[in-house]
Amino acid sequence: MKDIYEDFDRAVCLRGEGRAKKETQWLKVVYGFNEPQLPNNVSSPNFSRIFATNTTAFELLVLKRKIMGPCWLQIKNPQVDNKGVSCTRTIVNHRENIREIVCATARIWSNIDIDDPTPPEALPCTVRTFVRPLDRFPPNFEVRASGNGKGLISPMKNERMLLNSLLVTIHRADPDVIVGHEFLGVSLDVLLHRMRELKADHWSRIGRFRRSRWPPIGRQGTNLRFLSGRLLGDLASDGAKDMITSTTWSLTEMCKTHLKSDRQDIDPDDTASYFDGGVSSPERLLTFVRHCELDAHYQMALAAKVQILPLTRQLTNLAGNSWNKTLNGGRAERNEYILLHEFHRLKYVCPDKLWGKKSAVAAKAENEDGDAEGGKTTKGKRDKYKGGLVFEPKRGLWDKYILVMDFNSLYPSIIQEYNIDFTTVESVEVDADGEEKIPEPPSSEVPQGVLPRLIATLVNRRRQVKSLMKDKKATPAQLLQWDIKQMALKLTANSMYGCLGFEYSRFYARPLAALTTFKGREILTHTRELAESMQLDVVYGDTDSVFVNSNVTELAEALKISAEFKKAVNDRYKLLEIDLDGIFQRLLLLQKKKYAAVKVEDGSRTSTEVKGLDMKRREYCVLSKTVSQYVLEQILSGEATEAVVERIHEYLTTIGEDVRGGKIKLDEFIIFKRLGKNPEDYPDAKSQPHVQVALRMKARGLTARAGDVIPYVFCIGEGGETAKTAQADRAKHPDEVRRSSDELKIDYEHYLAHQILPPIERLCEPIEGTDRARLAECLGLDPNRYRSAAESEERYFGTLDSLMSDAERFKDAEPFLVRCRSCRGQVAFAPISDRESSLLLPSGPACPACQSALGTASLQVQLETQIRGHIAKYYESWTVCDDPTCGNRTRMMGVYGRRCLRQGCRGTVAFEYSDATLYNQLRFYLSLFDAEKAVKTSTGSKADEVKALVDLQGDFLRTMAATAEKYLNQSGRRWVQLSTLFSFMKM
DNA sequence: CCCGGGAGCGC
DNA sequence: AGGCGCTCCCGGG
């Protein structure tokens, strides 16, 4: 009954009690779970505090017995043999939007060893599919079903019988593990509701805990307890998502990337058609059944491929928590349990578990913040503490060897190096000015803390495992097992820091987290300074890495520099270690966290590494990624810039044509976006494409919940008017597009302008010889709409006037049209230096058609009329939207600058007839009568001819020039906003 | 035109 | 129910 504990001072502080008792005497009281729980906030004259009143039986058992993950417990004689089962049910919803079960496959593997690397397809298994008709089975279905190959097909009369038979199968197999995809969130939910609704027999056999009465079915995705006694490996669970690299975690995508298998997708809306009993052949339904059989296989194959069971078991062994939580939950709980075990072993009192609440320290700090800042409204989260340091990248394309040096496991190493722990770091006062102070690390005499020692143990064990792996005699199975073990050790060590800064963590210790990152920033800064002191150029760095420009073209030299630098850095620390992580042959550095490189692999091989670019994001379609890939390959090819630019331009031209020509498949246009909330919870649902699609999916009885990744394609609005329908309404699910046959058309212009151009533009930004207007032009988009203000002005006036020919400068100017009063013909007034076309003869202006002389006064009036026409046009102030899919033309002006006023459009409006256009037009008119220029631009024998002409017709030219100049000079400022015209010069 | 808040990445 | 740092893009005033 009585036991003396040492106090754990942080435990006290974590409770928000301000007192820092080191060791005190505690009275330990133990009583059964059949008695009521004490409140945790009681006190009396005899005691000030009670701890651990709400500890669960599981925690107690696991801690007291030091149970570290799955192991044999001598409670009774457990009858366990390993059986895995993979289940698929395909569900269709009909009438009243209720999801029913039409088909279920159980693929059962018996006596599997989860450490055996043999893939599931090479191991014996039984397959059984239960299927029931919607109305009636197609003729001959039962006969054909009985002759099915390996898989047993059991036609069932109705849904209830299907469920009953499935439950019998599960009961007989009694699986330890159930593997599925979206099982917890979807399948189990439907199963439970249908079993209850249809009063299925022995429904609790889905798990191992026998029940006769139904407990309440919880929210979707929260009913793991119905499976108690079995492990659930759900490939779409958060736990699994951490282990599988994928953008959508759809079964089809994972099969493709991890199994190299081409899984056929079935449109859920087509399910009913597979069950059509009115057709003459059973083939279609058999196809459906085989699809289910195959899916069940895929799920197990994926689970085996990513080693989900061995890895989660190792993680669970390290943390001492529950395996099912490792499989289906996040990592906070693992971290909690490893610390609980450690502190319990050392006889500390740990902070109490606060269910669904912020840790006591977090809550306390928030209150203090509120007091200090005079009752500032509870703005949700507290200010973040500072994290890793990111250097400003030196942007551009680097073509000397770049050394990527990074610290191995920086944060775990810092925690060890500086002995950062709950028991070693003194708490800090909260600063008066609200600024949070970083605590000091303990002095070197302070003994090693709990956390540093724990991490050291993990790191040492990992080192041992890795040395085992070097043994040449090791079998592949052993190697695989060790590899999983070392991975689990690394993951565990690395996750300790994250949980220190997690407000809801039982061991929340913000000052420790802040100290860790502070040291990280300090170390990275010093590392860069060291490099610079060695005359090495650091072009970039992020948190724990520096990219050093070796500035050499010989690999051996680069390696030598790397070794010298490594030694210089590592000499400064006891434990902390920097190492060469890779060598880049070429590096395209675009932004912080955004770059691509050609990495040197062993020998002469190379590979491309891409970080953070648009092409790595799920909201860009495959087409966009393919185009980016090509452009990137060209840029990194190392060939001459002109050749690269030319190839890019050519390629984009082809792409533009192919897209518009309908040569690209629908799949390549699919965009993905994750739902942050449930679709109906969006306040601005109407403007979000994926939310609109999700809502329509739900209306059809499909699932679309928070966290789901929604696929969609932008189509042309109904009725063909691209501008009329709001953007979000035009987003359609790929299945909708496929079903519509030709009704829905992909909005190619939108894809070119919004999915292809922007990523390419960003990639080409540092590349000479092209710009966004040119890239847009290649794609068949109007280049003028993509010219920046600066570029447009530069185009008109040119920073280097002499470099631009008049032909180029006045390309878009309207000609001066001269009408002849005699023959009523009309002709453009060509430049006077153009002796073949000019109507100005040495004798004066004359009509080229009827040779009649044209009066100066008449021409002057005509010129003035045309100039005034342009001015009037300018004052009409028509604006157009720069989004080619919108094309909105209006005379309305927005209140907020240049945003397009059409609902749902993201474009920018500009004057159709801008001040710059007008100014340029006037300059063009002036140029027509510029005698000096005419002489200058003429060469050879022409020069003399022109010179004679301007001498003879000087009066005429001066009169006309003066007319143009009048408008240009006197009123120029009224039209031309000099500030915008010359904005490109402000750099 | 500026400012903020999500997404989604990187580490 | 792990952290923070950084583009981007989109709404809103």
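Sequence lines set the chain letters: A, B, ... in the order given, protein chains first and strands last, and positions in each chain run from 1. Remember, it's a predicted structure, so these values are computed and weren't measured experimentally.
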Whether [X] contacts [N] is assessed here as follows: a side-chain N or O lying under 4.0 Å from the phosphate OP1 or OP2. Is that the case?
X	N	value
A:K592	B:dC9	no
A:R618	B:dA7	no
A:R762	C:dC9	yes
A:R617	C:dC8	no

Practice task
Check the geometry between A:F502 and C:dG2 and answer yes if their rings are stacked (centres below 5.5 Å, planes below 30°), otherwise no.
Solution key: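 The ring of A:F502 is not stacked on C:dG2.
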Handout entry: Among C:dT7, B:dA7, C:dG2, the one nearest A:Y682 by side-chain distance
Key =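 For A:Y682, the side-chain atoms sit closest to B:dA7.
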Nearest-Å distance, [atom1] ([X]) to [atom2] ([N])?
X	N	atom1	atom2	answer
A:Y411	C:dC4	OH	P	11 Å
A:N494	C:dG3	CG	P	16 Å
A:I415	C:dG2	CD1	C1'	13 Å
A:R674	B:dG6	CZ	C1'	10 Å

Problem - Candidates A:T516, A:I415, A:D544 - the one meeting side chain to side chain contact (heavy atoms under 4.5 Å, CB included) with A:L410 - result: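 In the set A:T516, A:I415, A:D544, the residue that makes a side chain to side chain contact (heavy atoms under 4.5 Å, CB included) with A:L410 is A:D544.
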Practice task
Hey, can you tell me if A:F343 and A:F507 have their rings parallel, tilted or perpendicular (30° and 60° cut-offs)?
Solution key: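 Correct class here is parallel.
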Practice task
Using a strict cut-off of less than 4.0 Å between a Lys/Arg side-chain nitrogen and an Asp/Glu carboxylate oxygen, indicate whether A:R334 and A:E336 qualify as a salt bridge.
Solution key: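 Salt bridge between A:R334 and A:E336, a charged N being under 4.0 Å from a carboxylate O: no.
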Exercise for the section: May I ask you to check whether A:F714 and A:H750 place their ring centers less than 6.0 Å from one another? Expected result: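 Between A:H750 and A:F714, which both carry aromatic rings, the centre distance is below 6.0 Å.
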